[in-house]
Amino acid sequence: MENYNKELCEERHIRIEDRLTKHGQQIDSLEKCVIKLTEMIERHDNECKDSDKRLSAIETKPMATIGKVCGYAATAIFGALSGWILKYFELIG
């Protein structure tokens with residue numbers, strides 16, 4: 001305890017507290033950045049989910065149209081074939 005200098009210790013203590021305060025402010029700033037980044041990621045994920053739904057709807061639309069066209073064509077062919085068969089066997093006047 002001979003070399004104890006109270007003023008030196010208090011000065012060091014003040015510097016340490018200042019550094020802790022600065023580090024605390026930096027940590028607070030980083031926390032705010034993390035919160036903003038998390039919100040941005042969540043917003044981006046929601047936009048991607050909406051895009052996936054729209055793309056799925058766009059991709060299935062041509063197939064639905066082709067299905068309808070094929071159905072109409074099959075109906076027309078079946079009707080014509082039925083008419084021809086009925087005419088062939090003279091069931092229709």
### Task
Kindly compute the distance separating CD1 (I14) from CZ (R19), expressed to the nearest 0.5 Å.
15.0 Å
### Task
Working to the nearest 0.5 Å, report the span between SG of C33 and CE of M40.
10.5 Å
### Message
Could you tell me if the side chain of E11 sits less than 4.5 Å from the side chain of E7, heavy atoms only?
### Response
no
### Message
Can a donor-acceptor pair be found, under 3.5 Å and without considering hydrogens, that links the side chain of S82 to the backbone of F78?
### Response
yes
## Note on the structure
Value for CG (L20) from CD1 (I27), rounded to nearest 0.5 Å, stands at 9.5 Å
### Task
Count the heavy atoms belonging to other residues, nucleotides or ligands that lie under 6.0 Å from CZ of R15, then report whether that count exceeds 12.
yes
### Message
Check E47 with R43, please: is the shortest side-chain N to carboxylate O separation under 4.0 Å?
### Response
no
### Query
Which value, rounded to the nearest 0.5 Å, describes the distance between Y88 atom OH and I85 atom CD1?
10.5 Å
### Task
Output the distance between atom CG (L37) and atom CG (L30), rounded to the nearest 0.5 Å.
10.5 Å
#### Entry: Nearest-0.5 Å distance that lies between atom CD in E10 and atom CD in E17
11.0 Å
### Message
Testing the 3.5 Å rule here: is there a donor-acceptor pair between the side chains of Q26 and H23?
### Response
yes
